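Predicted, not measured: the structure shown is a model, and the values here were computed from it. Per chain, numbering begins at 1; letters A, B, ... match sequence-line order.
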Amino acid sequence: MVKTRFAPSPTGFLHIGGLRTALFNWLWARKNGGEFRLRIEDTDRQRNREEATEAILKAFDWVGLNYDGEVVYQSQRGEIYKKYIDQLLKEGKAYKCYLTPEELEEIRKAKREGRTPPIDIRKYRNFQGELEKPFVIRFKTPLEGELKFEDGVKGEQKVKLEEIEDFVIARSDGTPTYNFVVVVDDHLMGMTDIIRGDDHLRNTFKQILLYNAFGWEVPNFYHLPMIHNEKGGKMSKRDGAVDVLEYRRNGYLPEALLNFLVRLGWSYGDREIFSIGEMIQLFDPKNINKAPSRFDQSKLDWLNSYYIKNSPNDRLVKILKRDFGVEVPAGEKGEWLLGQLKERVKTLKEMAEEIGKILTPPSNYDPKGVKRFLKGDAPRRLGELKEKLKGVAPATPPEWDKLLEEFVAETGAKPREVMPPLRIAVVGEARGIDLGTLLAILGRDEVVDRIEKLLEFLQNREG
RNA sequence: GUCCCCAUCGUCUAGUGGUCUAGGAUACCGCCCUUUCACGGCGGCGACACGGGUUCGAAUCCCGUUGGGGACGCCA
């Protein structure tokens, strides 16, 4: 059985790159009828924030990624880790190192400057006895030889063992470090496939050494190339949203985000649109790309508008209310409204704003539109139209279209003397959804009011 | 600095030695549709980083160069 996991550290929100990693793991598990687990890597007490875990869970819930079993918190598994650290100590596979932070800093500085360090980092590797000093526990890595493994994305990876130093597995306060707990937990949780970011490639060698030391079976590894920002660098807050929940606040549909992310570094021929079900069916890590990819906002926007267009209205109504506090009119007026807006909007946030613009009488009029269209006979025509409206009651979009047509025919006015001015009177600008539909949504009385308001505005301006 | 990874249109990508005068999507531009703006339809612009090999034949294999990215923590 395939078992995968997503193991974020709760230092902030769920990162967009993290979501892709989670998605790939989730898809692979679901495709194989396996298990997908969630594990919070919070061994470093100084960095953790409780809200962070909450935010991650909330983001998972929003995009619809479900996990099996309970969430595992590493901070609650101290006893387990201690047992395995003691085992390594007892077997002589790890040792206490009394190097001070200052000494380590010297070693590191020398290394980076290309000098030979003044102190051997393995100074205490063969030290016998105990010192009355703070210590960390280091793992004894083999001094020579070569280590290989087959990466599911990048192919064979190898390293000379002398390049891997005796790394720390427990801090001076006794808490275990990442490279150690990740191995213990992945083994104990029975993980078979580890899909994670490229930045872990080098850690993998250390982890394999640990698997070997315990005599545990090594899982399959797949290292995903990173997602870069639009300039090709590392994604940061400055590159727009990196927090997954920010996409919700910005009016993106979860399936659009997921569809966008699944195509970043993975493909299935020429196919662009994948429902969740299709992703599960078609996903295979063997089709993951080796090269890093960039975050392309306009492609995300395109997918989002696609999914908005294809969403049932009642779903949009719910999201509009939940995330933007917008009440869509009930009945056919709401249907007309959404039917129009769905076709021309890229995000739900945009849709919410457009609804506001339509339902609220304009507080000002686009000066360019006014200048261009409300000249000559236009104001007079609007006045005539207003009078005509008092005697009729068109209700549906076709009825409004018919009425407007008749009006133009009767009065001999040019369409551009009537249509654009009317639109400006109603929403304040010369662009927007279909005119007949717009008028039908507002209803005759509201339309008459708005025409009067514009006429008043024009008169005041002249006077 | 050391080690590692990567390299097809602006971007996401198809492509695993001949079917490639390199396909799709997006973005951009134009036309059509249209009483506006969009949507939609049609068309256009646009790439195998460079240099050497290997081969009858290379986007595809090998080497180098360049460029980009990552790792080098008592972070994960």
Is any side-chain nitrogen or oxygen of [X] closer than 4.0 Å to OP1 or OP2 of [N]?
X	N	value
A/S298	B/U26	no
A/R108	B/G73	yes
A/T175	B/C74	no
A/R196	B/G70	no
A/N289	B/A14	yes
A/S293	B/U13	yes

Parallel, tilted or perpendicular: which one describes the rings of [X] and [Y], with boundaries at 30° and 60°?
X	Y	result
A/W28	A/Y222	perpendicular
A/F127	A/Y98	perpendicular
A/Y81	A/F180	perpendicular

How about A/Y67 and A/F36: are their ring centroids closer than 6.0 Å?
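Ring centroids of A/Y67 and A/F36 are no less than 6.0 Å from each other.
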Between A/W26 and A/F6, ring centroids under 6.0 Å:
no
Quick check: any donor-acceptor pair below 3.5 Å linking the side-chain of [X] to the base of [N]?
X	N	value
A/E343	B/G40	no
A/N203	B/A76	yes
A/R344	B/C39	no
A/D270	B/G23	yes

Atom-to-atom span, CD1 of A/I424 to C1' of B/C37 - whole angstrom
13 Å
Name the nucleic acid region contacted by [X], choosing base, sugar-phosphate or nothing; use a 4.0 angstrom heavy-atom cut-off, strictly under.
X	result
A/Q157	sugar-phosphate
A/H228	sugar-phosphate
A/V168	sugar-phosphate
A/L303	nothing
A/G197	nothing
A/K160	nothing
A/P225	nothing
A/A430	base
A/K299	base
A/R294	sugar-phosphate
A/P420	nothing

Gap in Å between the two [atom1] atoms, one belonging to [N] and one to [M], rounded:
N	M	atom1	value
B/U66	B/C50	C1'	7 Å
B/U8	B/G24	C1'	13 Å
B/C45	B/C29	P	16 Å
B/U11	B/A47	C1'	12 Å

Does NZ in A/K109 sit with more than 12 non-hydrogen atoms of other residues, nucleotides or ligands closer than 6.0 Å?
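No.
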